[in-house]
Amino acid sequence: MDGHGEMGLIGENFDPGFVGRMKEDGYEIRSESDNFDVASGDDQDAAADGPSKKKKYHRHTPRQIQELESFFKECPHPDEKQRMELSRRLGLEGKQIKFWFQNRRTQMKTQLERHENVILRQETDKLRAENDLLKQAMTTPICNSCGGPAVPGEISYEQHQLRIENARLKDELTRICALTNKFLGRPLSSSGSPIPPHGLNSNLELAVGRNGFGGLNNAGTSLPMGFEFGDGSMMPIVKPMVNEMQYDRSAFVDVALSAMDELIKMAQMDNPLWIKGLGGGMESLNVEEYKRNFSSCIGMKPSSYATEATKATGLVYLRGLALVEALMDANRWVEMFPCMISRAATIDVLSSGTGVTRDNELQVMDAEFQVLSPLVPVRQVRFIRFCKQHSEGVWAVVDVSIDPSQDATDTQMFPNCRRLPSGCVIQDVDTKCSKITWVEHSEYDDSAVHHLLQPFLSSGFGFGAHRWLATLQRQCDCMAILMSQDIPGITPAGRKSMIKLAQRMTYNFCAGVCASSIHKWDKLSVGNVGEDVRVMTRKNINDPGEPHGVVLSAATSVWMPVTQERLFDFLRDERMRSEWDILSNGGPMQEMVHVAKGMGHGNCVSLLRGSAINANENNMLILQETWSDASGALVVYAPVDISSMSVVMNDGDSAYVALLPSGFAILPGISPSYHGGRSESNGALVKPEIDGSIVSGCLLTVGFQILVNNVPTAKLTVESVETVNNLISCTIQKIKAALTVT
């Protein structure tokens, strides 16, 4: 085996050309260069000096690249003053900064042009299909009056008259049903059976008209097939419930309009309503100023609830209509924010909207929001979601919790959180990207949160606007990268299958850490388990994507006195894996396959292989997904056998690959000594200093899922619980020790 470890992937039952094709088709096989490293200014200057002088290459450091990428998202065209400031801050020459931004813009332009080409090809195929249908319709014309053949000679005169009479009676029945709907106030179909309640369209549009919002139907471009946010394959199928709830629908319309008006005003207002953070990114709400300008549309805040409200603005490389379509579809919404939303379902559709723009669409939804820590309860919310197109290329989508007094089903169904008008304003900047202004405003039961995480939530890092926006930007970057990759030898279906397997692994990891309702977990209380360690168990009988038997999950969160970047780089470094991972068998891991999923540092899906001790372990790989952004970082992995991965890479169905994920979630840290609060003068949330002594580390969540018995009916033993508890404790101790040494 050579230093890169390519040959180690080839076993007796493995395709000999597997690694060769992966090496040819764009996957990294232990390459020294970064996928998105751009030549520095020195590189380009050396080219101008002539061939007589040997070039001297200078790679930018990961920190410099991360700073440049962050600035590029906010301002792709910096002026001379901004370039000089970056040059001073990063220790680079002004020409290096200038050339980096030029190359970066060229790279982004190329990726977006490929994206547009795919969309244009799809539109061409659609037009060709419509043309074929029109040609077919011309060969068999239909009579508009009766629905029969347009050629009179093909049917008798009596049949023709009967069909005309039948069409007339159908029109009459439709008019009668419409009048019945108007006077009874409930929908009635022409067959006499109930239909989905879409009868509020006209009333809603009139109410919106009174509110002064105009709307232009502007058909946009949706995401390309195969790379859209959610095709329903990753999420559990959650069908809309039959509407048996006694809602005051007219009141819901009024609440939706008031919430939309509040969201627009909050998105447009600046100081003194919003107080900017030190970095100029996330803004926090001045509560007293908010009370002077707005009145609650969902009743008074419970006395035990705390308030969190933030605003963030940024650019995403996605058209506005494509984002609107994803937000208004529950399954696609969950897949867009996989680590933030554990589940979502559309309970009722009060208004189906107008055309393809989703203008005036009004839904009732259930959702569970999560922070990747067992010390933060999952937030269950039932809310109204309203979409409005305000002008051409401008949309707004707002959420607001249902007032318990308006929900006759169960006033205590979701007791731990309520969502005040929150959402996003979307504005198309050009044909390639849009500007997003995100507002998050919630009230929650602070007493249910562990003291270690209370500063994290009160500062807005947990469920704040910057986390939603950072996740959206990362997902859009991932889509652009996957669209631009050209991998010969592997079909797009095979590539998509591998990405889906990694997505399912990450989704199941989050569900185990946060104990969402997707899986039925039984919480265990064992005396020998640490106070902050949550241990749960469940039985898998039918799911082919997991080993059958008794699954044990254990997770905890701890404070780490190191930066998020340092901890993330350490955990994802395959050379340092033996410091903490028992699957490495005490030796270094080798990265066999590397698939980039974003422009950020370390955003990828990879296949790792460790040092084999016996023949059975020689057939095992480690599937790993890693990402890092402003909202945190994630390292999730699971052992898989080589034969299964070979099937997946050759267009196989990844749903039948059984895996149990483990891994780490890194959250931006607020020191436990920080007790945050509100200033007495204006009630604004006191923000911790990013560069000061308050923020001096990060929060690390460790989670393991282990199959303790392959018989689903077996009983769980105390020894199994103690084993997984010791595994968590030892892993945390090893990580702390390694970081202290390094």
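Bear in mind that the values here come from a model prediction, so they are computed numbers and not experimental data. The first residue in the sequence is number 1, and the count goes up from there.
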In chain order, what residues pass the salt bridge (Lys or Arg N to Asp or Glu O under 4.0 Å) check against Arg63, with sequence neighbours excluded? none
Using the salt bridge (Lys or Arg N to Asp or Glu O under 4.0 Å) criterion, which residues pair with Lys73? Sequence neighbours excluded. Asp477
Passing option when Trp468 is tested against Phe461, Phe463, Phe337 for ring-ring contact (aromatic ring centres under 6.0 Å, His included): Phe337
Aromatic ring pairing Phe664/Phe704, orientation class (parallel under 30°, perpendicular over 60°, tilted between): perpendicular
Partners of Thr626 by side-chain hydrogen bond (donor to acceptor under 3.5 Å, both in side chains), sequence neighbours excluded? none
If the threshold is 4.0 Å, N to carboxylate O, is there a salt bridge linking Glu625 and Lys597? yes
Excluding sequence neighbours, so at least two apart, what forms side chain to side chain contact (heavy atoms under 4.5 Å, CB included) with Ser553? Trp521, Met536, Gln705
Look up atom CG in Leu112 and atom CD in Gln107, then write down how far apart they are to the nearest 0.5 Å. 10.5 Å
With sequence neighbours left out, write down each residue that passes salt bridge (Lys or Arg N to Asp or Glu O under 4.0 Å) with Glu565, or none if nothing qualifies. none
Minimum heavy-atom separation for Glu546 and Ala658, please, with both atom names. C-CB, 3.7 Å
Test side chain to side chain contact (heavy atoms under 4.5 Å, CB included) applied to Cys339 and Tyr507, Phe509, Trp627, the passing residue: Trp627
Please name all residues satisfying side chain to side chain contact (heavy atoms under 4.5 Å, CB included) with Ala465, sequence neighbours left out, ordered by chain then number. Thr310, Ala312, Trp438, Glu440
Residue list, side chain to side chain contact (heavy atoms under 4.5 Å, CB included) with Asp641, at least two apart or on another chain: Met620, Ser643, Ser644
Sorted by chain and residue number, the side-chain hydrogen bond (donor to acceptor under 3.5 Å, both in side chains) partners of Ser631 (sequence neighbours excluded) come out as Asp629
If every non-hydrogen atom of Phe568 is compared with every non-hydrogen atom of Ser628, which pair is closest and at what distance? CE2-CB, 3.7 Å
Sequence-distant partners of Asp125, side-chain hydrogen bond (donor to acceptor under 3.5 Å, both in side chains), two or more places apart: Arg128
Side-chain touch Ser606/Val593, heavy atoms, less than 4.5 angstrom: no
Exercise: do Arg577 and Gln624 side chains pair donor with acceptor under 3.5 Å: yes
Any side-chain heavy atom of Leu659 sitting closer than 4.5 Å to one from Pro639? no
So side chain to side chain donor-acceptor pair (under 3.5 Å) across residues 653-662, not counting sequence neighbours, yields none
Partners meeting salt bridge (Lys or Arg N to Asp or Glu O under 4.0 Å) with Arg534 (sequence neighbours left out): none
What residues, two or more places apart in sequence or in another chain, satisfy side-chain hydrogen bond (donor to acceptor under 3.5 Å, both in side chains) together with Asn508? none
Say you draw a straight line from CD of Gln733 to CG of Asn726; how long is it, rounded to the nearest 0.5 Å? 9.5 Å
